[in-house]
Amino acid sequence: MASPEPSAHGAEKLDDDDVIPQPSSRSPTLPGTSLLLSPTDLLILAASFYPLTLIAGSVFSACSPSPASADSHFSRKRNPFNVFFVKYGWLWTTLVFLIHASRLRSSSKARALLRYAVATIWWVLVTRWFFGPPIMDQLFLATRGKCQPADPDPMHAEEEVGTAQMIFTSAACKVAGGKWSGGHDLSGHVFLLTHASLFLWSELLPTLIHSGTAGRESAGVSWSEIFPILIRSAAARRENAGGLALLVLWWWMLLMTGVYFHTWLEKATGWIAGIAQWAVLYVWALRSHPTVRSIFGVPGI
Ligand SMILES: CCCCC/C=C\C/C=C\C/C=C\C/C=C\CCCC(=O)SCCNC(=O)CCNC(=O)[C@H](O)C(C)(C)COP(=O)(O)O
Ligand SMILES: Nc1ncnc2c1ncn2[C@@H]1O[C@H](COP(=O)(O)O)[C@@H](OP(=O)(O)O)[C@H]1O
């Protein structure tokens, strides 16, 4: 990757004698290391998995005889993974992150919580509140979307139209029994699953690599080592296994959203909203602005 890795400021501790080394950047001059992936390469590799997943899901949906209407377990909105996990997606992500953060030393912990706060604020702005309705609902209203009354009886519908037109959030529309229709309906699932996954990869990856390589100092990780490292890190600590399990679930649910729900464009805008805060903080600001780095710290060091 072209961007330089942040410089070391110290090391976060897992346990007293279990120090995570600075994520070392790949050294192109070292013989035999040209195919090694630095932690940044691994993060970008993980991030590129999500648009590919959405493309694969959408292509499958378009090519398969009738996947959109197919009545499968994962095409049902009430499936337990959707109801208990994705619908509380930020809560589960928060739990996994807090368990991870509790293992860091206190100076690193405060800065990790600050990064979590920024990610949480972005989730709130997109899905809950943005100086009024959240960003996803403001986009929907700006593209001529409306809360349509659900009552098929024209007498009642007329009364309801007045009320429904005063409804400015998808949540209120649902509570009123209406249907949020007509505008550009950015996929909240694609947003949440992408945003939460990129946040967790960014925060957990240095720890996962450290556990999976038993703290081995090296210029990077080869392609063939990626899965063995993740499996060894899951076997080494329950917290790593929990984090990876949640990441696998988020990836699977993203694939299901790609196959069964929304248009290409709605999935694309959900994905853009999902990478926006990660790209600004983790890819750009923390790498190129020492002041931002000194305030927010860098995961894993
Ligand atoms: C207001 C800003 C808060 C910033 C926080 C600041 C500092 C935090 C610092 C430290 C935190 C320490 C402890 C935090 C402890 C607990 C916090 C828990 C916060 C939560 O996660 S509560 C949220 C639970 N709700 C969810 O997870 C809902 C997720 N679901 C959705 O967003 C939507 O359902 C959807 C987008 C997936 C789909 O939309 P719909 O289809 O349903 O319209
Ligand atoms: N992977 C998935 N599994 C089940 N339901 C999903 C899903 N992805 C999206 N949905 C459902 O499709 C609708 C639009 O989702 P979103 O806009 O969040 O992407 C939501 O319906 P409900 O709001 O009726 O629950 C949501 O629950």
Side-chain angles (χ1 to χ4, degrees), residues 50 54 57-58 68 74-95 97 116-199 250 253-254 256-258 260-281:
Y50 298 97
L54 284 172
S58 305
F74 286 101
S75 69
R76 288 183 211 132
K77 292 178 180 183
R78 300 294 307 161
N79 86 69
F81 292 103
N82 191 42
V83 174
F84 295 115
F85 286 95
V86 187
K87 287 283 183 174
Y88 297 98
W90 197 248
L91 185 62
W92 292 109
T93 303
T94 298
L95 282 178
F97 168 75
Y116 164 77
V118 173
T120 301
I121 288 167
W122 182 239
W123 165 68
V124 169
L125 295 178
V126 174
T127 65
R128 292 289 181 270
W129 172 88
F130 182 72
F131 307 97
I135 289 173
M136 53 193 273
D137 291 352
Q138 294 212 19
L139 178 64
F140 179 79
L141 295 166
T143 49
R144 294 196 281 167
K146 281 193 182 68
C147 182
Q148 302 285 356
D151 200 329
D153 176 346
M155 293 291 282
H156 287 122
E158 216 164 276
E159 266 170 44
E160 280 183 28
V161 166
T163 324
Q165 280 178 348
M166 302 301 289
I167 292 176
F168 298 118
T169 68
S170 62
C173 182
K174 209 178 276 179
V175 169
K179 193 169 171 340
W180 201 231
S181 64
H184 178 82
D185 185 17
L186 175 153
S187 169
H189 273 55
V190 171
F191 161 73
L192 181 107
L193 296 169
T194 308
H195 176 59
S197 301
L198 294 181
F199 170 71
W250 282 175
M253 293 308 282
L254 184 73
M256 293 303 105
T257 303
Y260 294 114
F261 300 92
H262 286 285
T263 64
W264 282 79
L265 197 59
E266 289 166 350
K267 284 179 266 199
T269 49
W271 177 75
I272 290 168
I275 64 158
Q277 182 268 319
W278 171 80
V280 169
L281 183 66

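Here the structure is a predicted model, which means the values were calculated and not measured. As a basis for the values below, the full set of heavy atoms in this structure was taken, side chains included, without hydrogen atoms, waters or symmetry mates.
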*asked:* Can you tell me how far apart NE2 (H189) and OG1 (T194) are? Round to the nearest 0.5 Å.
replied: 11.5 Å
*Indicate yes or no for a side-chain donor-acceptor contact from W122 to the backbone of A273 under 3.5 Å, with no hydrogens or angles considered.*
yes
_Which label fits F199 and W90: parallel for a plane angle under 30°, tilted from 30 to 60°, or perpendicular past 60°?_
tilted
*How many angstroms lie between atom CG of L254 and atom NZ of K267, to the nearest 0.5 angstrom?*
9.5 Å
*With rounding to the nearest 0.5 Å, note down the distance linking CG in D185 to OG1 in T269.*
8.5 Å
*Please name the pair of heavy atoms, one in F131 and one in Q138, separated by the smallest distance, quoted to 0.1 Å.*
O-NE2, 4.3 Å
*asked:* Between M136 and T127, does the side chain to side chain contact (heavy atoms under 4.5 Å, CB included) criterion hold? Intermediate values first, please.
replied: CA-CA 6 Å; M136 53 193 273; T127 65; 3.9 Å; yes
_Please verify the inter-ring angle class for F191 with H195; under 30° counts as parallel, over 60° as perpendicular, anything in between as tilted._
parallel
*asked:* Assess the residue pair Y50 and W271 against the criterion (ring pair (Phe, Tyr, Trp, His ring centres under 6.0 Å)); give the C-alpha distance rounded to whole Å, side-chain angles, the decisive distance to 0.1 Å, and a yes or no.
replied: CA-CA 8 Å; Y50 298 97; W271 177 75; 9.6 Å; no
*If every non-hydrogen atom of I167 is compared with every non-hydrogen atom of A176, which pair is closest and at what distance?*
CD1-CB, 3.6 Å
*Are H184 and F140 close enough that some pair of their side-chain heavy atoms sits under 4.5 Å apart?*
no
*Do N79 side-chain atoms and R76 backbone N/O form a donor-acceptor pair below 3.5 Å?*
yes
*Could you check if a side-chain atom of P134 sits within less than 4.5 angstrom of a side-chain atom of L125, using non-hydrogen atoms only?*
no
*Is a side-chain donor or acceptor of W278 paired with a backbone partner of S197 at a separation under 3.5 angstrom?*
no
_For a quick test of reading the model, state the closest non-hydrogen atom pair linking S170 to D137 and the distance between them._
N-OD2, 2.9 Å
*Please walk me through it: do T93 and W250 pass side chain to side chain donor-acceptor pair (under 3.5 Å)?*
CA-CA 10 Å; T93 303; W250 282 175; 3.3 Å; yes
_V86 to L192 - nearest heavy-atom pair and separation_ = O-CD2, 3.7 Å
*With rounding to the nearest 0.5 Å, note down the distance linking OG in S187 to CG in L193.*
8.0 Å
_Let me confirm one number: the SG-NZ distance from C147 to K174, rounded to the nearest 0.5 Å._
11.0 Å
*What are the two closest heavy atoms between Y260 and F74, and how far apart are they?*
CD1-O, 3.8 Å
*Spacing of L54 atom CG and H262 atom NE2 [to the nearest 0.5 Å]*: 11.0 Å
